[in-house]
2 protein chains.
Amino acid sequence: MLKLKLPTDPRWANIAEKNIEEILTDHAFCEQKAASTAISLIITYPELSDLVTEMSALAREEMSHFEMVHKHILKRGYKLGRERKDEYVGKLVKYFPQTPDRNLRLVHRLLVAALIEARSCERFKVLSENISDKELAKFYGSLMESEANHYTLFITFARKYGNREEVDKLWDGLLTYEAELMKDLGTSELIHG
Amino acid sequence: MLKLKLPTDPRWANIAEKNIEEILTDHAFCEQKAASTAISLIITYPELSDLVTEMSALAREEMSHFEMVHKHILKRGYKLGRERKDEYVGKLVKYFPQTPDRNLRLVHRLLVAALIEARSCERFKVLSENISDKELAKFYGSLMESEANHYTLFITFARKYGNREEVDKLWDGLLTYEAELMKDLGTSELIHG
């Protein structure tokens, strides 16, 4: 289902594991940002009742994941650190050109959100298969399925609100751009680092 | 428990009831803004583990209330409208002077949040006792308890992170200011209007 064009080098998991407090903090804020993105879509497109319904449920789910990550942080004697800038996401949102077409802006946002979910899913898979903390490995395995579902949710909405053929073309372009970005990543203890 | 200094004129409920779509939309966004405020406190004070724990649960609860309101909107054949500015909250957040004291800023934010919850609770009570839509009346009755709990949560944290005596003095001043604001309100179909 997920067809990212450049897989993460599994050695990234070793870098991540060397600083569990950092990766968990970054992960917690990824969940918070996902919740905030869902809320932002509600504010921008309140009239799309199906989108609002799904985004409000999604925001709630992302906050429950935040809580789970926070519990893992506290359980290990750590504290949630400061939010760190997500440069990957910062570059991703710059891919699509600005447009006065409100509907197309929605499609763009949905595709970017889909890709972040897809990459997060892949990163969680790498963590679940490579880190030695068994409890966390299991946790990341369980979160993979959610991220995959969220990816499907965003892609489905993009195809609903955009022209199917055009959306698939935009998606392919975004995937190619993302693979280029990923060439320079996989080197830091961040979920998208 | 809630000691607001100026009660809402129950006639406000008649104004609200005349435009149920509008009041429900405004209410939905109140819940969303409450969730966003909780998230903002997490981002600003990530090291306060007890606050982060409670605020993440609160954000989730507020989003579940948002979902409930949205269901009431759809059930009545309406759509969520655009977010409207909350002038009441806008004036409330200007009450406390800016301060370089990070801890005091937290106390200020907690007290303002407590007051918004307290006033929302009171407004929900007025709605529950005065509107003719029985289902909505019951719904507002059930939400009152949550708002009262949130008020207690914020006041408790304010007293934990601030000096109890000072906090009580700040709270009293804020209540007096809020009562002044309320003199001009109660005239529009907004939860805090």
Side-chain angles (χ1 to χ4, degrees), chain A residues 21-86 102 106 146 150, chain B residues 21-86 102 106 146 150:
Chain A
E21 185 172 14
E22 188 63 34
I23 196 86
L24 287 175
T25 281
D26 187 57
H27 176 194
F29 282 114
C30 286
E31 301 289 354
Q32 171 265 308
K33 280 177 249 190
S36 294
T37 295
I39 290 172
S40 167
L41 284 168
I42 290 171
I43 296 170
T44 316
Y45 299 94
E47 78 283 9
L48 304 178
S49 301
D50 54 351
L51 184 74
V52 170
T53 298
E54 294 295 335
M55 289 302 112
S56 51
L58 180 62
R60 196 162 39 77
E61 189 186 342
E62 304 285 15
M63 284 314 294
S64 89
H65 292 170
F66 175 94
E67 287 178 85
M68 290 179 200
V69 181
H70 190 236
K71 275 183 191 155
H72 280 293
I73 290 172
L74 298 183
K75 194 177 172 183
R76 282 161 183 76
Y78 303 137
K79 277 185 179 187
L80 180 66
R82 308 286 299 175
E83 185 194 356
R84 301 229 339 229
K85 228 183 176 174
D86 194 325
R102 185 167 180 265
L106 172 61
S146 307
H150 301 166
Chain B
E21 186 172 13
E22 189 61 35
I23 197 84
L24 287 175
T25 282
D26 187 55
H27 176 193
F29 282 114
C30 286
E31 301 289 354
Q32 171 266 308
K33 281 177 248 190
S36 294
T37 295
I39 289 173
S40 168
L41 284 167
I42 290 171
I43 295 171
T44 316
Y45 299 93
E47 77 283 9
L48 304 179
S49 301
D50 53 352
L51 183 74
V52 170
T53 298
E54 294 294 335
M55 289 301 114
S56 50
L58 180 62
R60 197 163 37 77
E61 190 186 341
E62 304 285 16
M63 284 315 293
S64 88
H65 292 170
F66 175 94
E67 286 177 86
M68 288 177 202
V69 183
H70 190 237
K71 275 181 193 157
H72 280 294
I73 290 172
L74 298 184
K75 195 178 171 183
R76 283 160 182 76
Y78 303 138
K79 278 185 177 186
L80 180 66
R82 307 288 298 175
E83 185 194 355
R84 300 224 345 224
K85 229 184 177 170
D86 194 325
R102 185 166 180 266
L106 172 61
S146 306
H150 301 166

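Residue numbering restarts at 1 for every chain, and letters A, B, ... go by the order of the sequence lines.
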Side chain, backbone, both or neither: which part of B:Ala57 has a non-hydrogen atom closer than 4.5 Å to chain A?
both
Side chain to side chain, B:Leu80 and B:Val69, heavy atoms closer than 4.5 Å
no
As an exercise, state the distance from CG of B:Leu106 to CG of B:Leu51, rounded to the nearest 0.5 Å.
6.0 Å
Flag the one option from B:Val52, B:Ile73, B:Leu74, B:Leu48 with the top tally of heavy-atom pairs under 4.5 Å to chain A.
B:Val52
Inter-chain polar pairs, chain A versus chain B: which donor-acceptor atoms lie under 3.5 Å apart?
{"unit_1": "A:Thr44", "atom_1": "O", "unit_2": "B:Arg82", "atom_2": "NH1", "d": "3.1"}
{"unit_1": "A:Arg60", "atom_1": "NE", "unit_2": "B:Glu67", "atom_2": "OE2", "d": "2.3"}
{"unit_1": "A:Arg60", "atom_1": "NH2", "unit_2": "B:Glu67", "atom_2": "OE1", "d": "3.1"}
{"unit_1": "A:Arg60", "atom_1": "NH2", "unit_2": "B:Glu67", "atom_2": "OE2", "d": "3.0"}
{"unit_1": "A:Glu67", "atom_1": "OE1", "unit_2": "B:Arg60", "atom_2": "NH2", "d": "3.1"}
{"unit_1": "A:Glu67", "atom_1": "OE2", "unit_2": "B:Arg60", "atom_2": "NE", "d": "2.3"}
{"unit_1": "A:Glu67", "atom_1": "OE2", "unit_2": "B:Arg60", "atom_2": "NH2", "d": "3.0"}
{"unit_1": "A:Arg82", "atom_1": "NH1", "unit_2": "B:Thr44", "atom_2": "O", "d": "3.1"}

Considering all heavy atoms of both residues, which atom of B:Gly81 and which atom of A:Pro46 are nearest to each other, and what is their separation?
O-CB, 3.2 Å
Can you tell me which portion of B:Ile39 sits under 4.5 Å from chain A's heavy atoms? Options are side chain, backbone, both or neither.
side chain
When the 4.5 angstrom heavy-atom criterion is applied to A:Ile43 and chain B, the contacting part is both
